[in-house]
Asker: 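The structure's right below; bear with me while I get my questions together.
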Amino acid sequence: MKNTVTNPPVEKLLTGISSLDVIAKGGLPKNRTTLISGTAGSGKTVFAVQFLAAGIERGEPGVFVTFEESATDVRENMRSFGWDLGAWEKEGKLTFVDASPDPDIDTVEAGGFDLGALIARVQNAVKKVKATRVSVDSLGAVFSQFSDQAMVRGELFRIAVALKAMGVTAVLTAERTDDHGPIARFGVEEFIADNVMILRNALEDETRRRTIEILKFRGCDHQKGEYPFTIVPQGGVIVIPLSAMSLNMRSSNVRISSGNKELDQMCGGGLFRDSVTLVSGATGTGKTLTVSQFLQGGAADGEKCLLLAFEESRDQLVRNATGWGFDFEKMERDGLLRVVCDYPDVSGLEDWLVTIQAIISDFGPQRVALDSLSALENVGTIKAFREFVIGLTSFIKHKEITGMFTSTTGSLMGGDSITESHISTLTDSIILLRYVEMFGEMKRGLTVLKMRGSAHDKAIREFIIGKGGMQMGRAFRNVTGILTGAPMHVSPGDVERVWSQYDKDVGDRRRPVAEQRPQS
Amino acid sequence: MAHTPSTEVEGLLSKYILTLYVTGTSPRTKIAIDNLNRICGQELDGRYELEIVDVLENPQRAEDEKILATPTLIKELPPPLRRVIGDLSDKEKVLLGLEVRPAPSTSPSTARPEAS
């Protein structure tokens, strides 16, 4: 036991790959080999190249050993990620060991052999560029080049040993046939490397979901479980570290205006600076209006606002806003508003998260509105959706941005949506917009259901929509059952009786507590 | 009968240019070199040039030729380019790989003597 305490911890190498270092708790174990195993199309080669690219950007040269694609193909394919391998080669920061099969050369095996030449070439390449990182892509392709599998096995072990002896940190890729089957095809790959990471590209409900899992880190700590990731042009692998988004964001007591004075009052003086508000309601209850007010209020205070619209086009939004008396086009001209409209289906939820994060980082808004979350709900699985909301929420909170998301309820009257049940705990405030049917007329009601860290108005208030936006009216005092979707008119006498009963109960309960208080 | 110009040319063309890539002075290296010398002596009758490259001393040569395995024998001439990997202990395969053709026997003077 004493030994384990006194042994120095395994040193780690910061990979520079977005968020991978977080789940790997500081990077890949230094001077060790890490196996990256995944099915076809799971992003192994991208990962292997990115490992080197991130190193080169940090001033650490690398060697890419390719057994599968030719060096020319790798250079070509990686250009779309913004990695100019050819330029790095010219600058002496990267070199290839091209061990891809050449279809033009006929090879005959006549007697025993080993891969001594390959090892010599890797050693030569590492020495040439003074590499600290080596990527080998992929081990499985070595097996297909030679008939003697036992020899290949032995030689792969020798290569792993040689890599360690050279003092480089290496990433070896391997294929697997099934996202949840054996670690790798030939059953030996995982024993060659010290560490194992798995890339998955599973098909769930007709959508692809990429995840990365650290399976084994010999002697080192790491985050457990699968983490979603995405592969984007001009960036490569981006891991979305959900557990790393721990609840460590600062909490602000600064209140900002929702863009509507009466709504601010209902919220106890406005929304908190780094809070996320969910606005829920059926179609036409005024969700987009609430969002427009929120943006207008921000721009009026000179804050930059971002609107992510998944349901309406920019022109529709501008027209609607004009109807309420908000000049979105002027806000845009003043550089205070950016409207991003797109169909939710154009990319997966992980990609949306990364895209939105990039837009936010680029524009630097103080307010972000998303209309509506429900439109994104169907793009991926429920799990992916929840991860998206967690990711976005924590991202904007870290940046101390005020967020407002809308969610559409399925039924016109009352009811809740899947969106709400999955994300309501993630948001700080919830504003419900509901239709209230009274004496053959549809009225609109609004209530602040939840306001984390603040007192708020508990009443359900009537509001009308007109020029200037939302005009708050009186509370629905003589109606019950609005939220269940079955409003019932109650005579004022009954209301009075119930309330007096309630007040009496509270009074009765309060008295004994006061009596129990020790006399001082 | 004297050599005709045509057989001179044929003789040049059928000269084998061979390169053997090995790793250091391992036992396998020695076996491969011995095997190759024996096969060439028996089958090529001096019509060959052999270069031995140690990849530990000259890894760039291995890189340029994209060699993975050692020993690797490359036949550059006559075409086509051929590779044989292994310690060359399987003579049949070596001959198959190198596409060794019998020496030109159109002219009696260049015909190989019968084995006796």
Side-chain angles (χ1 to χ4, degrees), chain A residues 63-73 89 95-129 131 136 139 141-152 154-156 158-159 162 165-166, chain B residues 18-36 38-40 43 52-76 79-100:
Chain A
V63 170
F64 193 85
V65 184
T66 173
F67 287 110
E68 214 159 13
E69 292 174 87
S70 70
T72 318
D73 285 351
E89 284 175 273
T95 190
F96 272 96
V97 173
D98 189 345
S100 59
D102 190 336
D104 294 338
I105 300 176
D106 255 343
T107 303
V108 176
E109 289 180 18
F113 59 93
D114 54 48
L115 300 184
L118 174 67
I119 296 173
R121 284 169 66 188
V122 174
Q123 283 168 331
N124 178 46
V126 166
K127 206 188 291 172
K128 201 162 74 185
V129 296
V136 179
L139 296 182
V142 193
F143 285 96
S144 61
Q145 287 193 34
F146 302 101
S147 59
D148 186 351
Q149 308 280 292
M151 180 280 298
V152 174
E155 291 302 295
L156 289 180
R158 257 182 72 197
I159 290 171
M166 286 180 250
Chain B
L18 305 174
T19 315
L20 181 67
Y21 291 84
V22 295
T23 310
T25 52
S26 67
R28 190 169 267 155
T29 298
K30 196 176 173 305
I31 294 170
I33 292 171
D34 289 349
N35 282 337
L36 184 58
R38 194 175 64 251
I39 295 169
C40 288
E43 304 294 332
I52 295 174
V53 177
D54 181 353
V55 297
L56 295 182
E57 282 171 16
N58 207 338
Q60 195 56 46
R61 287 281 299 272
E63 185 62 51
D64 297 341
E65 288 294 331
K66 290 184 67 180
I67 289 167
L68 300 184
T70 46
T72 292
L73 176 64
I74 297 184
K75 180 198 71 168
E76 276 152 61
L81 189 75
R82 278 298 169 105
R83 286 185 176 201
V84 179
I85 59 177
D87 59 17
L88 312 177
S89 52
D90 188 335
K91 184 178 165 187
E92 290 300 310
K93 284 229 175 116
V94 176
L95 294 178
L96 186 76
L98 293 181
E99 285 186 23
V100 170

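So that the names make sense, note that chain A is the first sequence line, chain B the second, and so on, each numbered from 1. Source: prediction; values computed, not measured.
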Asker: Quick check for you: among B/D90, B/I67, B/L73, which has the greatest number of heavy-atom pairs under 4.5 Å with chain A?
Answerer: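 Ranked by contacts with chain A, first place is B/I67.
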Asker: Which atom pair, heavy atoms only, marks the closest approach of B/P71 to A/G112?
Answerer: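 B/P71 and A/G112 have their closest heavy atoms at CD-O, 4.0 Å.
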Asker: For a quick test of reading the model, state the closest non-hydrogen atom pair linking B/K93 to A/A110 and the distance between them.
Answerer: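 So the two residues come closest at CB-CB, 3.8 Å.
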Asker: Could you give the distance from CG (A/L118) to NZ (B/K66), rounded to the nearest 0.5 Å?
Answerer: 12.0 Å
Asker: Given the options A/R121, A/Q123, A/E109, which has more heavy-atom pairs under 4.5 Å with chain B than any of the others?
Answerer: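 Heavy-atom pairs under 4.5 Å are most numerous for A/R121.
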Asker: Given heavy-atom pairs under 4.5 angstrom as the criterion, report whether the side chain, backbone, both or neither of A/F96 touches chain B.
Answerer: backbone
Asker: Name the option with the most non-hydrogen atom pairs under 4.5 Å to chain A; the candidates are B/V55, B/T70, B/L96.
Answerer: B/T70
Asker: Just give me the residue among A/D114, A/T107, A/L115 that pairs up with chain B most often, heavy atom to heavy atom, under 4.5 Å.
Answerer: A/D114
Asker: Answer with side chain, backbone, both or neither: which region of B/E92 has an atom nearer than 4.5 Å to a non-hydrogen atom of chain A?
Answerer: neither
Asker: Give the member of B/D87, B/T23, B/L81 that has the highest number of heavy-atom pairs under 4.5 Å with chain A.
Answerer: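 Most pairs with chain A among the choices: B/D87.
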Asker: Measuring from atom CZ of A/F67 to atom CG of B/L68, what distance do you get when rounded to the nearest 0.5 angstrom?
Answerer: 6.5 Å
Asker: Heavy-atom distance under 4.5 Å to chain A: side chain of B/R82, backbone, both or neither?
Answerer: both
Asker: Count the heavy-atom pairs under 4.5 Å between each of B/P59, B/P80, B/G97, B/G24 and chain A, then report the option with the highest count.
Answerer: B/P59
Asker: Could you tell me whether the side chain of A/N124 reaches within less than 4.5 Å of the side chain of B/Q60, counting heavy atoms only?
Answerer: yes
Asker: Looking only at heavy atoms, what is the nearest atom pair of B/S89 and A/G111, with distance?
Answerer: OG-CA, 3.7 Å
Asker: What part of A/Q145 lies closer than 4.5 angstrom to a heavy atom of chain B: side chain, backbone, both or neither?
Answerer: side chain
